[in-house]
There are 2 protein chains.
Amino acid sequence: MENLWTKNLRDIEPYVPGEQSKEEDIVKLNANENPYPPSPKVVNAIKNFDCSLLRLYPDANALPLKEAIADYYNVSVSNVFLGNGSDDVIAIAFQALFNSSYPVVFPDLTYSFYPVWCSLFNIDYKTYAVDADFRIHAEDYKERNGGVIIPNPNAPTSLGEPREFVEELMSYNQDSVVIIDEAYVDFGGESCIELTKKYENLLVTGTFSKSRSLAGMRIGFAVGSEKLISVLEAVKNSYNSYTIDAVSIEAGRASILDDKYFRSTCNKIIQTRQRVTQEMRAMGFTVLDSQTNFIFVTKSDISMYEMFEYLKTKKVFIRYFSLPRIHNYVRISIGTDEEMDILLKEVKGFLK
Amino acid sequence: MENLWTKNLRDIEPYVPGEQSKEEDIVKLNANENPYPPSPKVVNAIKNFDCSLLRLYPDANALPLKEAIADYYNVSVSNVFLGNGSDDVIAIAFQALFNSSYPVVFPDLTYSFYPVWCSLFNIDYKTYAVDADFRIHAEDYKERNGGVIIPNPNAPTSLGEPREFVEELMSYNQDSVVIIDEAYVDFGGESCIELTKKYENLLVTGTFSKSRSLAGMRIGFAVGSEKLISVLEAVKNSYNSYTIDAVSIEAGRASILDDKYFRSTCNKIIQTRQRVTQEMRAMGFTVLDSQTNFIFVTKSDISMYEMFEYLKTKKVFIRYFSLPRIHNYVRISIGTDEEMDILLKEVKGFLK
């Protein structure tokens, strides 16, 4: 017999984070991590951090980091929100901005956490199918809704839409908040942060986890109107006032200030992506035109699942999604040139 | 005219974190921070951290830190939950464990965030008054409820209740989850972590912010039955899988492993507290018998608010609560002996 107290427990499907292999000498291309370390200036900021300050609470507003982000994107501090990774930022945005009797809407193929947050916060949602080429069409988002969230570029498709797409989307959605999730934008996408000055109901989110090589540090942000940011702050400060630790504030700030390093590593990843795309196409693969740090790949005459499993035996880890429409695709993160050469070699071995 | 989209925004009273003075040379006794730096082993862990690892996501389970905590408290890893500070841990616990049509119950004088979380998550609550001596009585908590949360020792009263209190509380509350918030327990309170082995519906929360001098690092934890922890994990992993950054995992682990330093700084604070308590009582103050790193102080013939304001002009910052029942009390965090000597000198100056 179950105890009565168990009736008060939240009945939620346990979401299990992807298993990450702890083996050495693997080629890890399954989590869209950056193959390059963070800026040497980030390393200095951490090594030189005055650890005696850790006895004190961090700045609840994480001002030094907010100022750096505001300057970088040419907005005010009051237009910037910070969180413990962009998952935290978006989870707070769902709670703060999506309170409607209409469903929140997003593409059918997209970041897998959106329906999870809807379920957690009891938010109704509806998806619109991306087309046969995996493109998102703004006119699909004309119906009245309780909010829109679209990653641009999208994952796992790797495809980005131009700024005009967001403008069109905003024209259809003047009565709800639109979130554009720009987690991957620094790898060749078109950012619409500038549009937040034009549209008070547009929120753009970003992360330091991919392009800034700081997945381990947990820094996410959002840029939007003062109105939107103030509601995010109210919810965040009613949940946990101090989400960004003192070391992360300094590390994040140092990352923003070293723009040269940032651009150089992003460019290296873009170059490697172009080369690998060409080489895989030459092998007969269909590779979508990625604007991200990963490629989305298929080959109609072979099983991508088998390739995924084969590569695992060669210690090359890529990502396979057992989902309708994309069950014969794999997502491959862009590593260093050396790592990608190993991938290409093993893929050739598999094709033989 | 307001835009329609603003109707979807969460209408929540913005909770404003306490203003922290950025002035130099102040005596900061207003946030219950530890006056001593973290263990030198924590500093080493941060200085020697391999920053190239920051490009990777941290261990979602933060296993090295969980293992250290589990060993320390003689429980299993599956009995330990981690969060971004204990505010994050308790906020998740409210969402995960307090889903009932009955109100959640807690004392009227207690941690100010409990009603804030109830409001954020739309949880009904009810408070029971602490007695004239600010003590909590377990028999008040006999009514059917949707969950119980009590800090032990309590804040801002500084008073702790013995383990028998928790045993009695559990005897009345077999049908709901009971959370004992042990944020201050290391300064002389009686921990009931051991009781989590006896009561499957008892969760004990703790923090590295006070006794471990790591407020800047954001580490909170909970210990409880596998049943409770698994529900906390399910909610946490549906919200944000990676709440503890890679540096915090190592810093937190190093703190747990340096038990000698931990005990020595806790003891220093307890010694200083006893001395300051005696000296303030000798000046005619009523000082409650604190089991925390702060004292709760009054004097019937003078205005504590005026003393609080006076001390501010002397760059000594303590905490005043403009609340019924305690409007003539102040909360004074225990600093170093040097800091407390300045406090005592300035208090004498005020009394003159």
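Throughout, a chain's letter reflects where its sequence line sits, starting with A, and its residues are numbered from 1. Reckoned from all heavy atoms, side chains included, excluding hydrogens, waters and symmetry mates.
Applying the side-chain hydrogen bond (donor to acceptor under 3.5 Å, both in side chains) test between A/Asn84 and each of B/Asp88, B/Thr243, B/Asn240 identifies B/Asn240 as the sole match.
Taking the six-membered ring for Trp and the full ring otherwise, the centers of A/Phe49 and B/Phe49 sit at least 6.0 Å from each other.
Formation of a donor-acceptor pair under 3.5 Å by the B/Arg218 side chain with backbone atoms of A/Tyr242 is found in this model. The main-chain N or O of B/Asn34 is found under 3.5 Å from a side-chain atom of A/Arg55 such that the two form a donor-acceptor pair. One N or O on the side chain of A/Asn99 and one on the backbone of B/Asn8 form a donor-acceptor pair closer than 3.5 Å.
Proximity to chain A is limited to the backbone of B/Asn48, based on heavy atoms less than 4.5 angstrom apart. Of the two parts of B/Glu13, only the backbone, made up of N, CA, C and O, holds a non-hydrogen atom closer than 4.5 Å to a non-hydrogen atom of chain A. Looking at B/Phe113, only its side chain comes within 4.5 Å of chain A, counting heavy atoms on both sides. For A/Phe121, the part lying under 4.5 angstrom from a heavy atom of chain B is the side chain only. For chain A, the nearby parts of B/Leu56 are the backbone and the side chain; heavy atoms of each come within less than 4.5 Å. B/Ser230 does not touch chain A: none of its heavy atoms, backbone or side chain, sits under 4.5 Å away. For a residue to count as touching a neighbouring chain, one of its non-hydrogen atoms must lie under 4.5 Å from one of that chain's; by this rule A/Ser248 touches chain B with the side chain only. Contact of B/Ile92 with chain A is made through backbone and side chain together, with heavy-atom distances under 4.5 Å.
Considering every non-hydrogen atom in both B/Ile46 and A/Leu54, the closest pair reads CD1-CD1, 3.5 Å. The two residues A/Gly216 and B/Pro58 have their closest heavy-atom pair at CA-CD, 3.8 Å.
Counting heavy-atom pairs under 4.5 Å between each of A/Asp175, A/Val177, A/Ile244, A/Asp87 and chain B puts A/Asp175 at the top. Ranked by non-hydrogen atom pairs under 4.5 Å with chain B, the options A/Pro37, A/Ser52, A/Ser100 are led by A/Ser100.
Within the model, atoms CD of A/Glu33 and OH of B/Tyr57 stand 7.0 Å from one another, a figure rounded to the nearest 0.5 Å.
Annotation: side chain of A/Leu4 is not in contact with side chain of B/Gln174 (no heavy-atom distance under 4.5 Å). Side-chain contact between B/Leu9 and A/Leu97 is present, with heavy atoms from C-beta onward closer than 4.5 Å.
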